[in-house]
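Notes to accompany the following structure.
The chains referred to below are lettered A, B, ... by the order of the sequence lines, with proteins before strands, and numbering in each begins at 1.
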Protein chains: 2
Amino acid sequence: MSDRSSGLSGLTSARQVGRLAPVRRTSTVDLIADRLREAVVDGSLPPGAALGEAELAFQLGVSRGPLREAMQRLTAEGLLVIPRRRGLAVRTMTPEDVRDIHWLRARIEPELGRRILARPLAERKTVLAELGTEVKRMQRALKKDDARALGDAYLDFHRGLAAWGGSIRLARMMSTLLIETRLCTFSMYEHFEVAVDLVPEHLAFVDALAAEDAERFDALMCAHLDAEVRRLLAEPEAAKEDDADRLLAETPDEPQPLDRLDLPEGI
Amino acid sequence: MSDRSSGLSGLTSARQVGRLAPVRRTSTVDLIADRLREAVVDGSLPPGAALGEAELAFQLGVSRGPLREAMQRLTAEGLLVIPRRRGLAVRTMTPEDVRDIHWLRARIEPELGRRILARPLAERKTVLAELGTEVKRMQRALKKDDARALGDAYLDFHRGLAAWGGSIRLARMMSTLLIETRLCTFSMYEHFEVAVDLVPEHLAFVDALAAEDAERFDALMCAHLDAEVRRLLAEPEAAKEDDADRLLAETPDEPQPLDRLDLPEGI
DNA sequence: GATCATCGTATTGTCGACAAACTTACAATA
DNA sequence: TATTGTAAGTTTGTCGACAATACGATGATC
């Protein structure tokens with residue numbers, strides 16, 4: 001997974017003399033929140049497992065205060081649930097959530113093609129290059145049968161799409177939705193699923209953008225998201241058992257201790 | 001502003017015998033976060049004003065720990081910024097933000113009509129009744145020239161729309177976007193703006209839904225959001241000075257101490 | 001034998017304190 | 001007079017501790 005702060009929209013106006021960019025100081029809570037988010041994406045915090053605060057704080061080398069603050073932030077993003085007196089737990093996604101997430105993505109992502117194609121030519125070339133790089137990463141990952149790397153490239157592809165869509169809010173929202181998408185994978189199967197037709201689908205995205213065909217991009221994206229939902233909602237026993245052992249070798253002692261967590265507050 | 005937990009989607013299956021709804025215990029952090037959110041919507045925390053933690057914690061009657069946790073949650077929602085060593089500040093919205101927010105709302109809200117019209121008849125009647133009530137609230141507020149109440153009814157109208165749209169995530173997202181919309185009002189003018197044509201616009205929404213005309217609803221919503229952007233981005237001196245004094249009588253000592261706050265972290 | 005009550009333990013929720021860091025103001029020097 | 005350096009004050013960021021609560025286990029009674 002590429003570093004989010006350096007990848008897509010950094011160093012734009014730092015070369016001007018006398019007009020220095022403000023130094024980006026990152027607080028401890030930010031660090032912890034990023035680390036936790038990373039762990040969620042990683043799968044090292046599996047959905048449903050309840051972790052104790054003290055233990056986690058010790059592992060992270062910080063006190064419980066900042067950790068609790070970071071937990072609250074992740075909770076607001078919908079990634080964590082904080083059951084009463086049971087530490088923290090990564091959200092368990094239900095089939096309902098899968099449909100919800102992908103419906104929302106289907107409202108947003110098809111539109112992104114139009115937004116990107118409305119940008120000046122120079123930027124469009126940058127976007128295409130970047131997206132092409134991600135697809136190549138996906139291809140390499142597929143060749144090595146590395147589901148983790150494939151998933152990472154997938155995340156970065158769509159993150160890049162959102163980042164170039166031109167809306168800060170939308171990029172943040174999409175980032176959360178994408179992490180939730182991966183949580184869906186974790187929650188539906190117990191391991192990563194290597195979807196073989198992921199690469200051609202994303203190649204088609206890049207092609208449509210290169211051809212400046214927003215309509216085709218729209219249709220492709222809708223089809224992709226539909227297929228994604230169908231893949232995810234297929235029966236769990238339809239999942240391949242290929243490399244589950246390697247990816248989840250360090251599976252924790254209790255996979256699903258608290259099965260169904262209710263959100264602490266509505267809306 | 002109506003209580004969010006009791007208004008729209010409460011008491012659905014609580015009357016069944018032997019199947020009690022779980023008691024909704026709300027933590028202190030939730031309470032503080034709600035209170036802060038309320039204060040932001042209220043205008044009692046004006047954008048840009050830097051509040052000290054200790055002072056705020058004392059006002060709320062809690063310690064700094066839970067307050068800091070709640071602050072982190074609001075930060076994740078994009079409502080607060082936490083500048084280094086300067087307490088907390090309500091986000092100041094720029095014209096860029098106004099366009100961003102309304103572009104995003106325009107992606108989501110027109111679709112809501114279709115979603116609502118796809119629901120069973122009984123629910124649709126409930127929705128229409130509820131939305132009609134909110135419009136009546138808007139009318140009453142307009143008659144009394146109460147900009148605050150008008151804005152509250154406006155928020156609840158659109159919140160209801162999102163709540164009946166059928167997606168938990170979308171409702172949460174829309175709730176944040178709506179609060180941000182109000183922040184735009186606060187940031188663009190220094191007071192509330194009474195938009196006279198708000199009521200007929202929303203009457204038209206209800207009419208379109210009653211006529212089951214999703215296309216008209218779509219077009220009306222797009223037009224409304226466009227108008228909203230134009231209203232907000234009009235020059236500040238175009239704003240009416242009618243009831244600014246009454247609404248912002250308790251304006252704090254320093255309205256805009258730190259003019260331009262950068263977000264603590266990107267994405 | 002099963003169920004309920006009571007006790008103990010472990011973990012959280014909250015608070016207070018300490019130290020570091022930033023900001024601001026004042027003074028001194030060029 | 002302006003700019004820089006220093007010092008003091010205020011506020012945050014972090015940690016440790018205490019108390020309350022919930023959960024689990026064990027024993028007693030029906």
With a 3.5 Å distance limit and no angle check, can you tell me whether B:D97 reaches the backbone of B:T94 through a side-chain donor-acceptor pair? yes
Atom [atom1] of [X] to atom [atom2] of [N]: distance rounded to whole Å?
| X | N | atom1 | atom2 | result |
| --- | --- | --- | --- | --- |
| B:Q72 | D:dG13 | CD | C1' | 11 Å |
| B:I82 | C:dC22 | CD1 | P | 17 Å |
| B:F58 | C:dC15 | CZ | C1' | 15 Å |
| B:E69 | D:dG13 | CD | P | 14 Å |
| B:I32 | C:dC15 | CD1 | C1' | 12 Å |

A:T126 to A:W164 - nearest heavy-atom pair and separation: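 So the minimum-distance heavy-atom pair works out to CG2-CZ2, 4.3 Å.
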Are B:D152 and B:R182 close enough, and set up right, to give a salt bridge (charged side-chain N to carboxylate O under 4.0 Å, His left out), and what steps lead you there? CA-CA 10 Å; B:D152 287 349; B:R182 176 164 289 199; 3.1 Å; yes
Between A:R137 and A:E134, does the salt bridge (charged side-chain N to carboxylate O under 4.0 Å, His left out) criterion hold? Intermediate values first, please. CA-CA 5 Å; A:R137 269 180 67 198; A:E134 298 302 338; 2.8 Å; yes
Where do N or O atoms of nucleotides 8-12 of chain C meet protein N or O atoms at under 3.5 Å, pair by pair?
| residue | atom | partner | partner atom | Å |
| --- | --- | --- | --- | --- |
| C:dT12 | OP1 | A:E53 | N | 3.0 |

I'd like to know whether CZ of B:R107 has more than 12 heavy-atom contacts from other residues, nucleotides or ligands below 6.0 angstrom. yes
Do B:T181 and B:R105 have side-chain atoms, one donor and one acceptor, less than 3.5 Å apart?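 Indeed, the side chains of B:T181 and B:R105 share at least one donor-acceptor pair under 3.5 Å.
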